[in-house]
Amino acid sequence: MGIIMVDKQRMSRLTSLLRRRGIVLPSFELYGGVSGLVDYGPVGATIKRRVMDTWIKHWLSIPNIVEVDSPTITPESVLIASGHVGEFNDKMSECRSCGSIFRSDHLLEDLHHSPENLEAIELDRLISDHRIKCSRCGESDWKEAVPMNLMFKTSIGAMGGSRTAYMRPETAQGMFMLFPALYRHFRQKMPFGAIQTGKGYRNEISPRQGMIRLREFNMAELEFFIDPELPPSTDLGKWQWEVCMIPDPEGDYAGEKNLKIKEAFETGIVKHPTVAWFLGMTAEFLEKVGVDLTKIRFRQHANSEMAHYASDCWDCELLGEHGWIEAVGIANRTCHDLESHQEKSGSKLLRGWREYDTPIREERESLKPVGSVIGPEFRERAADVSSAISDLQKMPESFPFELELSDGKRFVIEETMVQRSSENIVINGEYFTPHVIEPAFGIDRIIWHILDHNFLEMEKEGESYAILSLSSAVSPYDIAIFPLFDKDGMDVMAREIFSSIKSETGIIANLDTSGSIGRRYARADEIGTPWAATIDHQSLKDKTVTIRRRDDQKQIRVGVDSLIQTLYSNSLGTLF
RNA sequence: GCGCCUGUAGUGAAGGGGUUAUCACAAGAGGUUUCCAACCUCUUGUCCCGGGUUCGAAUCCCGGCGGGCGCACCA
């Protein structure tokens with residue numbers, strides 16, 4: 001595997017910086033901390049919000065996508081239908097001899113066709129009957145299989161009679177619940193999509209790797225609903241860059257290759273045009289927030305590793321200090337979710353209507369049961385007989401005929417028991433269960449890689465010097481304001497500029513008055529502030545300030561008015 | 001969850017059964033300085049938590065919690 005050498009020194013320097021400057025730090029540290037939970041501090045919270053905002057804006061720029069927001073507490077029935085309760089209840093077996101833990105069904109893989117469906121008692125029996133050996137120590141002495149639930153369980157209602165619920169493991173289910181409202185909102189026309197951002201929860205056995213595997217994490221998901229027979233046409237040609245792709249190693253296109261999105265679809269590596277479009281949109285988003293596109297790759301899941309709900313799945317993996325990490329999953333979930341909710345809830349609102357180009361007209365012959373004859377004749381079976389007559393697909397050739405019920409009983413039907421009718425039926429269309437294509441983004445993992453890819457270390461006059469070269473879309477401040485000296489009128493002018501910048505919508509400035517000017521530049525560089533405006537003696541005379549660009553430390557002098565104007569139009573860079 | 005390593009100011013480290021725990025950087029106040037972590041003075045702040053051993057524990061032992069690595073897990 002092409003895993004790069006992990007420089008632990010660099011990672012710990014970056015982690016120290018993140019703690020020291022209040023970007024990302026362990027939660028509840030006062031009480032010893034909790035593994036798998038992190039805080040975004042005073043600087044990091046803004047970065048996180050801007051990544052989220054950029055993501056939301058990215059998708060809302062598409063006309064048939066809207067935002068929704070649903071609860072994190074989810075009743076058990078929803079998660080039973082989605083398959084999460086079953087999937088999350090994997091049984092685990094522990095070796096008494098060496099303490100190793102394995103999934104019980106994995107131990108029985110070769111001995112049973114579907115071990116994952118077995119109850120704990122069955123699993124234990126099979127494990128002991130076949131004297132399964134521990135792959136670690138070779139003994140076969142197992143503890144009883146115990147269910148391992150990876151969801152946080154809770155209950156709705158404080159007193160007795162409460163309902164079991166879980167903290168959601170994904171936001172997707174909330175959007176499926178909203179399908180009827182979305183369908184109405186979009187006037188029954190597909191394709192359409194809904195996005196949702198928020199927290200998800202997984203009670204990981206062993207969270208590791210800093211902010212890569214969290215127990216509570218930020219996710220951003222899009223559910224895109226389509227008519228499987230009318231896949232939307234997409235413009236794949238607008239993405240000219242090539243991206244690394246690793247198709248299914250068991251499939252026809254195995255092997256890593258660099259391709260344009262359009263080529264990947266045209267050669268058949270990516271099967272669905274909408275999936276291909278999402279691959280492109282995903283890379284475009286990652287570039288916007290400052291992920292290094294040479295450090296991303298799309299990897300197609302092999303059939304064997306596909307999630308329970310997906311039919312085709314691509315991960316977008318990012319390369320950083322932890323190696324290649326899955327940060328986005330793009331899955332064609334087909335009709336799985338809506339169909340399953342339809343079945344479990346009994347609702348008929350989870351489907352779409354597809355109108356035919358030309359209505360189908362047909363003359364349909366049918367038999368209608370005559371209740372007054374059938375009733376007295378068949379007594380307690382009369383209802384069954386009547387419905388069987390109505391359901392008949394083929395007209396009997398002659399009377400009397402034999403009618404077979406679903407339980408196999410046969411009855412003789414006389415001509416007087418039915419009434420023949422023929423009607424002209426016009427069928428204008430049909431119901432179908434929409435397919436869902438879902439890009440799901442792990443925001444914390446993306447943020448880690450933004451920080452990682454933009455953490456630049458260099459030497460400056462013999463000293464080590466760190467810059468977070470964050471994109472202006474996600475930097476914690478848009479600009480830093482420095483009075484060269486915090487007196488002689490420079491202090492007043494700096495505060496005036498600061499407040500007029502702050503009054504512009506959405507622009508965040510940071511006023512720093514302490515320490516030497518070089519120190520202040522260094523502090524701003526370290527948290528990724530792209531620009532610094534310094535007010536010096538000349539500023540007092542001619543209302544100009546110097547603007548320093550973080551990435552090359554270049555300076556220019558501009559008037560205060562054009563500073564504010566270009567800052568507002570996000571075009572400060574054009575002045576250089 | 002198992003095994004090995006580990007936990008000292010905001011950060012990084014030193015020390016280690018015995019007065020008041022050390023250093024650097026950072027941070028705060030003041031001074032100085034016409035633009036890249038300068039300098040001077042002063043200041044704030046630390047032994048992860050709980051038990052045990054001991055006259056005495058930050059130091060030794062046990063447990064917990066946190067971190068790193070390996071194994072397992074990651075729908």
Side-chain angles (χ1 to χ4, degrees), chain A residues 6 8-9 11-22 25-37 41 79 82-90 92-103 106-107 116 134-137 143 146 148-151 169-170 202-210 212-215 301 305-310 313 322 325-326 329 331 442 460-467 482-488 490 514-526 532-540 545-548 550 553-555 557:
Chain A
V6 177
K8 280 177 199 142
Q9 296 310 310
M11 178 147 69
S12 71
R13 285 192 301 273
L14 173 55
T15 314
S16 297
L17 185 154
L18 298 182
R19 283 171 167 240
R20 190 158 36 83
R21 300 306 309 273
L25 43 173
S27 297
F28 308 115
E29 228 186 353
L30 240 41
Y31 288 94
V34 179
S35 101
L37 300 179
L79 295 162
S82 69
H84 286 95
V85 171
E87 290 289 325
F88 270 63
N89 276 316
D90 292 332
M92 304 296 284
S93 292
E94 185 178 343
C95 171
R96 248 188 257 274
S97 157
C98 71
S100 301
I101 295 189
F102 301 92
R103 271 179 62 165
H106 286 184
L107 294 171
E116 63 276 6
C134 171
S135 62
R136 184 105 176 279
C137 67
K143 289 192 186 170
V146 286
M148 170 193 66
N149 197 323
L150 290 182
M151 287 193 291
E170 57 175 20
R202 294 175 195 185
N203 205 351
E204 297 282 355
I205 300 168
S206 150
R208 285 276 173 88
Q209 300 173 297
I212 299 298
R213 274 176 72 193
L214 296 173
R215 289 191 163 121
H301 281 207
E305 71 170 315
M306 207 97 70
H308 64 274
Y309 46 72
C313 189
H322 292 110
I325 296 291
E326 172 197 348
K460 199 169 172 183
E461 282 150 32
E463 263 189 285
S464 63
Y465 194 90
I467 291 182
F482 302 146
L484 188 57
F485 300 107
D486 199 25
K487 58 181 184 183
D488 302 337
M490 289 174 266
S514 77
S516 72
I517 194 70
R519 176 180 298 261
R520 282 179 270 170
Y521 287 144
R523 285 197 283 235
D525 286 344
E526 204 178 38
T534 303
I535 291 88
D536 58 12
H537 293 97
Q538 193 184 327
S539 310
L540 300 172
V545 294
T546 61
I547 308 292
R548 171 188 180 271
R550 175 196 62 205
Q553 310 184 358
K554 205 175 154 192
Q555 280 190 356
R557 182 171 282 276

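We name chains A, B, ... by the order of the sequence lines, and we start the count at 1 in each one.
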Between [atom2] on [N] and [atom1] on [X], what's the gap in Å once rounded to a whole number?
X        : N      : atom1 : atom2 : result
A:Leu30  : B:rG45 : CG    : P     : 16 Å
A:Arg13  : B:rA24 : CZ    : C1'   : 17 Å
A:Leu214 : B:rG67 : CG    : C1'   : 15 Å
A:Arg213 : B:rC69 : CZ    : C1'   : 15 Å
A:Glu29  : B:rC48 : CD    : C1'   : 9 Å
A:Glu326 : B:rA75 : CD    : C1'   : 11 Å
A:Phe28  : B:rG64 : CZ    : C1'   : 18 Å
A:Arg19  : B:rG10 : CZ    : C1'   : 10 Å

Looking at every heavy atom in both [X] and [Y], which two are closest together, and how far apart are they?
X        : Y        : value
A:Cys313 : A:Ala331 : SG-CB, 4.0 Å
A:Arg523 : A:Arg21  : O-NH1, 3.1 Å
A:Thr546 : A:Arg557 : CG2-NH2, 3.5 Å
A:Thr534 : A:Val545 : O-CB, 3.4 Å
A:Tyr465 : A:Ala522 : OH-CA, 3.1 Å

More 5' along RNA chain B: A:Pro26 or A:Leu17, using each one's nearest nucleotide?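 That would be A:Leu17.
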Within-4.5 Å side-chain heavy-atom neighbours: A:Leu150 and A:His84: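 The answer is no, as the side chains (C-beta and beyond) never meet within the 4.5 Å cut-off.
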Quick one: does A:Ser514's side chain get under 4.5 Å of A:Arg519's, heavy atoms only? no
Taking [X] for its side chain and [Y] for its backbone only, find out whether a donor-acceptor pair lies under 3.5 Å.
X        : Y        : answer
A:Arg520 : A:Pro483 : yes
A:Arg19  : A:Leu25  : no
A:Asp536 : A:Gln538 : yes

Between [N] and [M], how far apart are the two [atom1] atoms, rounded to whole Å?
N      : M      : atom1 : answer
B:rU44 : B:rG63 : C1'   : 35 Å
B:rA58 : B:rG18 : C1'   : 13 Å
B:rC42 : B:rC23 : P     : 14 Å
B:rG45 : B:rA21 : P     : 13 Å
B:rG7  : B:rC36 : C1'   : 37 Å
B:rA57 : B:rG10 : C1'   : 27 Å
B:rG50 : B:rU43 : P     : 31 Å
B:rC5  : B:rA38 : C1'   : 41 Å

What contact category does A:Ser16 fall into here, base, sugar-phosphate, or nothing, at under 4.0 angstrom with non-hydrogen atoms?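 Sugar-phosphate, backbone atoms only, no base.
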Reckon A:Arg21 touches a base, only the sugar-phosphate, or nothing at all at heavy-atom distances under 4.0 Å?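 Answer is nothing: A:Arg21 stays at 4.0 Å or more from every strand.
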Can you check whether A:Ser514 has a side-chain N or O nearer than 4.0 Å to OP1 or OP2 of B:rG28? yes
Which letter, B, S or -, goes with each nucleotide of nucleotides 32-43 of chain B from 5' to 3', with contact meaning a protein heavy atom under 4.0 Å? -BSBBBB-----
Using a 3.5 Å limit for the pairing distances, which stems of at least 3 consecutive Watson-Crick or G-U wobble pairs does RNA chain B take part in? B:1-7 with B:65-71, B:10-13 with B:22-25, B:27-31 with B:39-43, B:48-52 with B:60-64
Of all the choices, B:rA75, B:rG67, B:rG1, which nucleotide is nearest to the side chain of A:Ser35 once you look at every atom?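 Nucleotide nearest to A:Ser35's side chain: B:rG67.
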Interatomic distance, A:His322 atom NE2 to A:Arg208 atom CZ [nearest 0.5 angstrom]: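 Between A:His322 NE2 and A:Arg208 CZ, I get 11.0 Å after rounding to 0.5 Å.
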